[in-house]
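Just so you know, residue 1 is the first one in the sequence shown, and it goes up from there.
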Amino acid sequence: MVANINESYNANPLNLMVHNNDYTQRIRMPGYIDVELNAEFGLNAGTGTVTIPADHKLAGRIMQCDQDVVPVTAEFNGWTWTGRVDSFEATGKPGRETVTATLIDDKVQLGSVLAFANTRTPLALQGKSDHQRGPLESVVYHYLSENIARSGLPAYLVMPPKRIEDKSPRIDLSARMTNIDALLRDVLNQYDYDVECRMWWPGQPFPEGKVVPLVDGDSHERLRRLTHANIDQVFSPNDDPIQPPTKPGLVVAVRKVRDRQHVRFSTRSGEIDSFTLSGKSPGAARQVVGGKADDWVNEAIGLGIDLAVQGILTAIGSAAGPAGAAVGFALGGVAKNFMEDTVLAFTDRTDVERAAQMGPFHLREGFTQSSAGAFTFDTSKLAERALLDAQGGKSVTMTMGHTISKVLGDDQRHSTGKIRYGYRIGDRVTFEEHLSGTVVSDIITGVTVADNHDERMRITPRIGKRKNTSNPFIDFTDKLNKATETVRDFGLAY
C-alpha cells in the first residue's frame, strides 16, 4: 500500500484512543503530557506508558484498570498498536497531580491461553500431550486456533496455506498445559516468523486471505466452526474470508519475515539522530538436546522389565500367592516409570573451534528440550541451531530524525512522485554503520514511538540480533527430513 505523504502533526499524531472493554465505544486522547509505545518481534509483548494530567477527561477511565479492561490503541501511517492499561500511578502535589499508565500490548492475551493436551475433551479427561509435527505455519496455527477456540477469546485467525502447499520449516512440538507464548516463542524466533496480534473493530482494515471468525458462540460452537473452516481450507479453491467481520476481535496471524533489503538505514545519511551499537558474548560451546527417548527404546525397556517380572514370578511359583503377583506387577510399573526416557534420550553438538578460540574459561553447556527422539533429524538440527543461537551477536538501536526516505508503516508517495519507503517489525532491511564500515542485512526486531508536547514525535527502530542463520549441516538435515516425510506420506497413502 502506498499513501500520500502527510507532514502535518497535530496534538494527537498517534491517534491515541481509549475504548470500553468490548471495543464498541472509544474516545480520542489528545492532551497527554507524553506517550511511549514499544512493539516487539515474535511473541514478545510490547509495552508503553502514557502520562496525562489528573484532571484529564480520561483520567478516571485509566484508573479503572484495577477492576476492568481498559483498552488503549494507537495508529500511525498504517502501523497499529493495540493493548491495555496494565497499571497506573497518580503522583504530584495536590491539585497538580499527573496519572501515568503502564501499558502492555495485546500479545499478552496469547500468554494467558494454555495449550491443552486435548482441546476437544473435558479437563478431567486430558491426554498425555498434544504432539504436532509438520510445517511451522500449520503447526503454530493448530495450537493457536484450537486453544483460542476452546478458551473463548474473541478472535479472527488468518489461516496458513494448505498443508500440502505449506513450505515453511518442519518443526516438532509437544504441549501439555503450557502457555501458548512459552510454547511457540523459541521456535518462531529460530525460524524468523512473527505473530501479528492486534485488535480489530469496525472501520479498521481487515487482513486479506482466509480468516476464521471465532468471536462468538460457546466453545463447542467455536470448535465446530473451526473444523468446518479447516475442511473448507482443504477443498475450497479461493482464499476469501469464511464470513465478513462484524464484531470486534483479536486478529491473529503467523507472518514470515518480509524481504525489504532495499530499505537502507545508514549513519552517513544524516537521517539518524543517534544510534547505539551493542554486542553480546557467546553462550555455551556445547549444546545438549533431548529429554525423550525414541518409542522403540522405551518399548524395549518395558518389554525387558515385563520379562524380568514374569521370570521372578515363575521362579517363586505359588509361594507368594496372589499378593506376591500384585506386588511384582506394581514394582514392574514403578520400574518402567523410572526407566522411561533415560536410555538414548539425549544428543549433543560442540563448537570445538569456538571453545578453543575463547580459551579454557568459555561457557560450557546449555540444554534445549525436544519432544522428538534423540537421534532424529529434528533433534540433530535443533542442537546445531542452538549452537548458532549461542554464537553471540550485535544489534543496533537508532533514533530517526526527520527523513524524506523512510517512514514507519506503509510506503508513502510525495507530490513529486518520489517514494518514501515504509518499514515494520519483521522486515529484513539493510543497515550501514560508518564507524566500522559494516553493511549488514538484518531484521527489525523492535520499534519504539515516543511523543510529548515539547518535541517532535520520535521513532526508534531496533535492528538485530541476527537470526535464521544456517550452515551445511542444517541444510542437509532439512533435506533428509523432508525426504523421509515424503516417503512416510506415500506409505500412509497406500
Side-chain angles (χ1 to χ4, degrees), residues 6-40 44-77 79-109 111-112 197-204 248 250 273-274 276 397-402 408-409 446-462:
N6 180 6
E7 290 288 1
S8 63
Y9 290 84
N10 54 35
N12 189 9
L14 288 170
N15 195 26
L16 204 65
M17 291 191 289
V18 177
H19 304 246
N20 64 345
N21 61 17
D22 61 0
Y23 280 84
T24 56
Q25 299 176 20
R26 62 201 58 89
I27 300 177
R28 284 183 170 81
M29 193 180 183
Y32 52 78
I33 298 172
D34 59 62
V35 60
E36 181 173 298
L37 302 174
N38 165 257
E40 295 289 335
N44 302 304
T47 57
T49 59
V50 59
T51 302
I52 58 177
D55 59 356
H56 193 283
K57 64 180 179 180
L58 289 171
R61 174 65 179 144
I62 293 292
M63 291 188 288
Q64 290 175 349
C65 73
D66 63 325
Q67 55 189 345
D68 192 11
V69 175
V70 183
V72 177
T73 63
E75 303 169 90
F76 179 78
N77 187 41
W79 175 79
T80 304
W81 192 98
T82 69
R84 62 181 61 194
V85 178
D86 186 54
S87 62
F88 77 89
E89 186 174 82
T91 59
K93 293 182 178 180
R96 301 184 62 184
E97 302 93 342
T98 60
V99 177
T100 299
T102 301
L103 314 175
I104 189 164
D105 76 20
D106 279 320
K107 288 181 181 178
V108 71
Q109 298 200 52
S112 70
C197 183
R198 63 174 176 84
M199 189 60 65
W200 178 89
W201 60 92
Q204 292 293 299
L250 202 65
D273 283 352
S274 63
T276 300
T397 300
M398 65 191 98
T399 300
M400 302 298 296
H402 182 62
L408 176 64
V447 170
T448 299
V449 180
D451 184 49
N452 62 56
H453 54 71
D454 293 328
E455 295 181 316
R456 191 185 187 93
M457 187 174 68
R458 317 294 282 180
I459 300 174
T460 306
R462 183 180 70 246

*Asks:* When rounded to the nearest 0.5 angstrom, what is the spacing between CH2 in Trp81 and CG in Asn15?
*Replies:*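 Here the interatomic distance stands at 14.0 Å.
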
*Asks:* I would like to know whether Val50 and Val72 meet side chain to side chain contact (heavy atoms under 4.5 Å, CB included); could you show each step before the answer?
*Replies:* CA-CA 10 Å; Val50 59; Val72 177; 5.7 Å; no

*Asks:* Could you walk me through whether Met457 and Leu408 pass the side chain to side chain contact (heavy atoms under 4.5 Å, CB included) check?
*Replies:* CA-CA 12 Å; Met457 187 174 68; Leu408 176 64; over 6 Å; no

*Asks:* Checking the side chain of Glu97 only, and the main-chain atoms of Gly95 only, is there a donor and an acceptor separated by less than 3.5 Å?
*Replies:*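 Checked: pair present.
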
*Asks:* Give, for atom CG of Leu58 and atom CZ of Arg28, the distance between the pair rounded to the nearest 0.5 Å.
*Replies:*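 Separation between the atoms: 12.5 Å.
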
*Asks:* Do Thr51 and Thr100 get their side chains close enough for a donor-acceptor pair, meaning under 3.5 Å?
*Replies:*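 Checked: Thr51/Thr100 side chains pair up, N/O donor to acceptor below 3.5 Å.
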
*Asks:* Could you state the interatomic distance from CD1 (Ile459) to CH2 (Trp79), rounded to the nearest 0.5 Å?
*Replies:*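 These two atoms lie 8.0 Å from each other.
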
*Asks:* Using the test salt bridge (charged side-chain N to carboxylate O under 4.0 Å, His left out), find all partners of Glu40 that sit at least two apart in sequence or belong to another chain.
*Replies:*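 Glu40 satisfies salt bridge (charged side-chain N to carboxylate O under 4.0 Å, His left out) with Arg462 once adjacent residues are dropped.
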
*Asks:* Would you check if the side chain of His56 reaches a backbone N or O of Pro30 as a donor-acceptor pair within less than 3.5 Å?
*Replies:*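 A pair under 3.5 Å: yes.
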
*Asks:* With side chain to side chain contact (heavy atoms under 4.5 Å, CB included) as the criterion, how do Val85 and Leu103 come out once you've worked through the C-alpha distance, each side chain's angles and the decisive distance to 0.1 Å?
*Replies:* CA-CA 5 Å; Val85 178; Leu103 314 175; 3.8 Å; yes

*Asks:* Quick one: does Asn44's side chain get under 4.5 Å of Lys107's, heavy atoms only?
*Replies:*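 No, side chains not in contact.
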
*Asks:* Looking only at non-hydrogen atoms, find the nearest pair between Ala74 and Leu37 and report the distance.
*Replies:*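 Taking Ala74 first and Leu37 second, the nearest heavy atoms are CB-CD1, 3.5 Å.
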
*Asks:* Could you state the interatomic distance from CG (Leu16) to CG (Asp451), rounded to the nearest 0.5 Å?
*Replies:*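 One finds 9.5 Å between CG of Leu16 and CG of Asp451.
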
*Asks:* Indicate yes or no: at least one non-hydrogen side-chain atom of Asn12 is less than 4.5 angstrom from one of Tyr32.
*Replies:*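 The answer is yes, as the side chains (C-beta and beyond) meet within the 4.5 Å cut-off.
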
*Asks:* Taking all heavy atoms of Cys65 and all of Phe88, pick out the closest pair and write down the distance.
*Replies:*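 So the minimum-distance heavy-atom pair works out to SG-CD2, 3.6 Å.
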
*Asks:* Sort and list the pairs that fulfil salt bridge (charged side-chain N to carboxylate O under 4.0 Å, His left out) and have at least one residue in residues 54-74, not counting sequence neighbours.
*Replies:*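 As it turns out, the salt bridge (charged side-chain N to carboxylate O under 4.0 Å, His left out) pairs with a partner in residues 54-74, which skip direct neighbours, are Arg61-Asp68.
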
*Asks:* Compare all side-chain heavy atoms of Val70 with those of Val18 and state whether any distance is below 4.5 angstrom.
*Replies:*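 Contact flag for Val70/Val18 side chains = yes.
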
*Asks:* Check Pro53 against Ala59 and note the closest heavy-atom contact, atom names and distance.
*Replies:*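 Looking at all heavy atoms of both residues, the closest pair is O-CB, 4.0 Å.
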
*Asks:* Return the NE2 to CH2 distance between His19 and Trp201, rounded to the nearest 0.5 Å.
*Replies:*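 So the NE2 of His19 and the CH2 of Trp201 are separated by 4.0 Å.
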
*Asks:* If you compare all heavy atoms of Pro248 against all heavy atoms of Pro202, which two are closest, and at what distance to 0.1 Å?
*Replies:*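 Taking Pro248 first and Pro202 second, the nearest heavy atoms are CG-CD, 4.2 Å.
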
*Asks:* Is there a side-chain contact between Pro71 and Thr82, using heavy atoms and a 4.5 Å cut-off?
*Replies:*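 A side-chain contact is absent here, since even the closest heavy-atom pair is not under 4.5 Å.
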
*Asks:* Roughly how far, to the nearest 0.5 Å, is CG of Asp105 from OG1 of Thr73?
*Replies:*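 Rounded to the nearest 0.5 Å, the OG1-CG separation comes out at 12.5 Å.
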
*Asks:* Going through the distances and angles, do Met199 and Gln204 end up as a side chain to side chain contact (heavy atoms under 4.5 Å, CB included)?
*Replies:* CA-CA 9 Å; Met199 189 60 65; Gln204 292 293 299; over 6 Å; no

*Asks:* Tell me whether Gln64 at atom CD has more than 12 heavy atoms from other residues, nucleotides or ligands lying less than 6.0 Å away.
*Replies:*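 It does: Gln64 CD has more than 12 such atoms within range.
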
*Asks:* When you measure from the side chain of Asp86 to the backbone of Thr102, do you find a donor-acceptor pair of N or O atoms at a distance under 3.5 Å?
*Replies:*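 Not a single qualifying donor-acceptor pair exists.
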
*Asks:* Can you check whether Asn452 reaches Ile33 side chain to side chain, under 4.5 Å on heavy atoms?
*Replies:*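 Side chain of Asn452 against side chain of Ile33, heavy atoms only: no contact under 4.5 Å found.
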
